[in-house]
Student: 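The structure is given below, and queries will be raised subsequently.
In what follows, every chain begins at residue 1, and chains take the letters A, B, ... in the order their sequences are listed.
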Amino acid sequence: MSDSASTLEAIISQEYQHGFETSVEADALPRGLSEDTVRMISAKKNEPEFLLEWRLAAFRRWLDMKPPEWASVHHPPIDYQDIIYYSAPKSQKDGPKSLDEVDPELLKTYEKLGIPLHERAILAGVAVDAVFDSVSVATTFKDKLAEKGIIFCSFSEAVQEHPELVRQYLGSVVPVQDNFYAALNSAVFSDGSFVYIPPGVRCPMELSTYFRINAKNTGQFERTLIIADRDSYVSYLEGCTAPMRDENQLHAAVVELVALENAQIKYSTVQNWYPGDKEGRGGIYNFVTKRGDCRGAHSKISWTQVETGSAITWKYPSVILRGDHSVGEFYSVALTNHRQQADTGTKMIHMGKNTRSTIISKGISAGFGHQAYRGLVRIARAAQNARNYTQCDSLLLGDRCAAHTFPYIEVKNASAKVEHEASTSRIGEDQLFFCRQRGLTMEDAVSMIVNGFCKEVFKELPMEFAVEAQKLLGVSLEGSVG
Amino acid sequence: MLIIKDLHASVGDKPILKGINLTVNAGEVHAIMGPNGSGKSTLSNVLAGRENVTVTSGSIEYLGQDLLALEVEERARAGVFLAFQYPVEIPGVGNVYLLKAALNAQRKHRGLPELDAMEFLALVKDKMKLMEMNESMLYRAVNEGFSGGEKKRNEILQMAVLEPKLAILDETDSGLDIDALKIVANGVNSLRHPERSMILVTHYQRLLDYIKPDYVHVLAAGRIVRSGGPELAHELEKQGYAWIGNEGSGQEVSSGS
């Protein structure tokens, strides 16, 4: 037995000694990241050999990689040895004991968003023992999905129950060495969602993490894999409009989507993680890699995102248009207020013939918010008759915020048609004055104008998500004008 | 209804209004005429509360309240309406949505129940007939892609829906062809009411052929230099604003009280 393996054994047994089922302290690995950490995570999760090897390969690649510096965001260097990489299953004992102990500002926000009382407690991280309705809802939900052969479970569960699917698709869209954060995630990912839609099945409901049992505390390195087999359809909702309390500052998730022949995946996100206080202290760093692969002909992948949270967002949901006649779409609203920074956009990689992509990006900056749209449209040599349409609009509120646009276009096939439109505008004094002259308050006026600006994206969201997103923008912008 | 006393106001460092006195009683229609740069639009903006205009001295009393102490939206809710010279476009915001939000904000303020979508539609469709507007305009974004005439009609539609107590129409006739002018004037005339006062700000006498004012005031270099009945407008039309310049300034006239 090698040295590292014996240390590993020792630590695992030590933790068992202290009863890691109940004690929080004993259940967390010490800070820091090494090969041992990776082995331990894999062992704790009882993972098959192939997955451990995969994690280790990712870890070794990560060691040689550097965090990307090209993004237009600024933060102090992150000490990757000062992070706890495994602490699940997380106990809620450390959380506030009741709503009385929760930041009143947070509670006010919940109230404004109209979140039911019992959910407020969950969101704020209050220790709750009662089993809520959502669990039973989730159970019936699962039965219904099982009837159709749909697999919707946590990633860990999928590793145990469907290792062959995991093995076949994991890392096939985002390879371990793709980028610094993806490599890190691949080495240490905690949990996430797994979805498989069998051939010819149209998923009868929107799949949402909200309904997944044990969806809580998936940790800071979330891993999601969605596979839509041929002729299938699925709509997946991620996130929540309510600001989530979370002690982990760094979040580096990876989401992989695979659409086989004639399949369609619609992935909608509303992200509202803690953005930090008005000075930008304590907010979440959200460095996420999201990519879809239109692997089959006539497949389609749509990303729709509303990003209002996090202190720093680094995110480019992309589509590889491999199959002929495949379609990629990206609809985005990103809002930065106070000291928030966002560098976000998309990549559309056209490889198949007659592939089409659409990019609609709406950026809103307020306060000292700093935002960049970064988009790549690449038309490969073989991509005959590829088409792209990009529209990229920025709206500025006040005079201390900033918006930048970095479009990259690479065309290697002369039959391609690529259109790019961009605009930057300041929210008009005239518009605000007009709305107020009709009797609306300043805040309602701003919210109305901003929502109008985002309309093209909101109409892509599932109905109830769209309504929530509108409310969310209003709340997120409070106090930004006037 | 409205009592303006010795009002001085500046835009930036530049004094524009230099001692306006004007009293408007309930039900009266006052026309304010004047050459470009005389301060007509500044006066409209002061009444509505636009922030780029600074009142340096004087007072405005509206229905017994100090109008200058109220925020823009508070004035609106108290019944002050400004029909804009250049109506703004708001992309993505449906016309009907804005109108409903505005009306309900005002109703709420007055302690009236808010109208639901069905009630509101019935109301607005009725008012649209008056303005000879096509219903499809309800569902387009506010003023986006509207012609000049459509924008002005849309302003008067808003006035019809909001039913203000004091309406200020800032150069509503500018940019209108004769047919559109008639429609707008008809709309405005139908809104004349013993409880509703109007101030028509205009450069040309033309509008006053269709909307008969009770009083006409001539504004020059930030002061009202002449006041009279509708005949004053005709005289102006014949002689031009130069005529005023020759005699008027310095003379302060108020009327209508």
Student: Ion pair present between B:Arg50 and A:Glu429, side-chain N to carboxylate O less than 4.0 angstrom?
Tutor: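 Between A:Glu429 and B:Arg50 there is no salt bridge, as every charged N stays at least 4.0 Å from the carboxylate O atoms.
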
Student: Can you check whether B:Val72 reaches A:Leu432 side chain to side chain, under 4.5 Å on heavy atoms?
Tutor: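 No; the side chains remain at least 4.5 Å from each other.
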
Student: Flag the pair A:Phe434 / B:Glu89 as yes when at least one side-chain heavy-atom distance between them is below 4.5 Å, and no otherwise.
Tutor: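 No - every pair of side-chain heavy atoms lies 4.5 Å or more apart.
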
Student: Rounded to the nearest 0.5 Å, what separates atom OH in B:Tyr86 from atom CG in A:Asp430?
Tutor: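 CG of A:Asp430 is found 11.5 Å from OH of B:Tyr86.
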
Student: So which heavy atom on B:Ala105 is nearest to which on A:Leu440, and how close?
Tutor: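 Closest pair (atom of B:Ala105, atom of A:Leu440, distance): CB-CD2, 4.1 Å.
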
Student: Relative to chain B, which of A:Asp444, A:Thr441, A:Asn451, A:Ile449 shows the most heavy atom pairs under 4.5 Å?
Tutor: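 Top count of heavy-atom pairs under 4.5 Å with chain B: A:Thr441.
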
Student: State whether the number of non-hydrogen atoms from other residues, nucleotides or ligands found under 6.0 Å of A:Arg387 atom CZ is greater than 12.
Tutor: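 No, CZ of A:Arg387 has 12 or fewer neighbouring heavy atoms, counting only those of other groups under 6.0 Å.
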
Student: What is the distance from atom CD of A:Gln431 to atom CG of B:Asn143, rounded to the nearest 0.5 Å?
Tutor: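 It is 10.5 Å, given to the nearest 0.5 Å.
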
Student: At a heavy-atom separation under 4.5 Å, does B:Val80 approach chain A through its side chain, its backbone, both, or neither?
Tutor: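 Looking at B:Val80, backbone and side chain both touch chain A.
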
Student: So for B:Ile90, is it side chain, backbone, both, or neither that comes closer than 4.5 Å to the heavy atoms of chain A?
Tutor: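 Backbone plus side chain of B:Ile90, per the 4.5 Å heavy-atom cut-off to chain A.
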
Student: List the atom of A:Cys435, the atom of B:Leu98, and the distance in Å for their closest heavy-atom pair.
Tutor: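 Minimum heavy-atom separation between A:Cys435 and B:Leu98: SG-CD1, 4.1 Å.
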
Student: So which of B:Glu71, B:Glu51, B:Gln106, B:Gln158 has the largest heavy-atom pair count under 4.5 angstrom toward chain A?
Tutor: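 Top option by heavy-atom pairs under 4.5 Å: B:Gln158.
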
Student: Got a salt bridge between B:Glu155 and A:Arg438, using NZ or NE/NH1/NH2 to carboxylate O under 4.0 Å?
Tutor: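 Yes, this pair counts.
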
Student: With a 6.0 Å cut-off (strictly less than), is the heavy-atom count around CZ of B:Phe146, excluding the residue itself, greater than 12?
Tutor: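 Yes, CZ of B:Phe146 has more than 12 neighbouring heavy atoms, counting only those of other groups under 6.0 Å.
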
Student: Do side-chain atoms of B:Glu73 reach the backbone of A:Arg436 as a donor and acceptor pair under 3.5 angstrom?
Tutor: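 Judged by distance alone, no pair lies under 3.5 Å.
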
Student: With a 3.5 Å distance limit and no angle check, can you tell me whether B:Arg77 reaches the backbone of A:Gly439 through a side-chain donor-acceptor pair?
Tutor: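 Looks like yes, one N/O pair under 3.5 Å.
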
Student: Would B:Asn52 and A:Phe433 count as a side chain to side chain contact (heavy atoms under 4.5 Å, CB included) if you check the C-alpha gap in whole Å, the side-chain angles of each, and the deciding distance to 0.1 Å?
Tutor: CA-CA 11 Å; B:Asn52 65 349; A:Phe433 178 64; over 6 Å; no

Student: Is there side-chain contact between B:Pro91 and A:Glu456, with at least one heavy-atom pair below 4.5 Å?
Tutor: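 The answer is no; the side chains never approach within 4.5 Å.
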
Student: Hey, could you give me the OH/CE distance between B:Tyr97 and A:Met448, rounded to the nearest 0.5 Å?
Tutor: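 Nearest 0.5 Å value for the OH-CE distance: 5.0 Å.
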
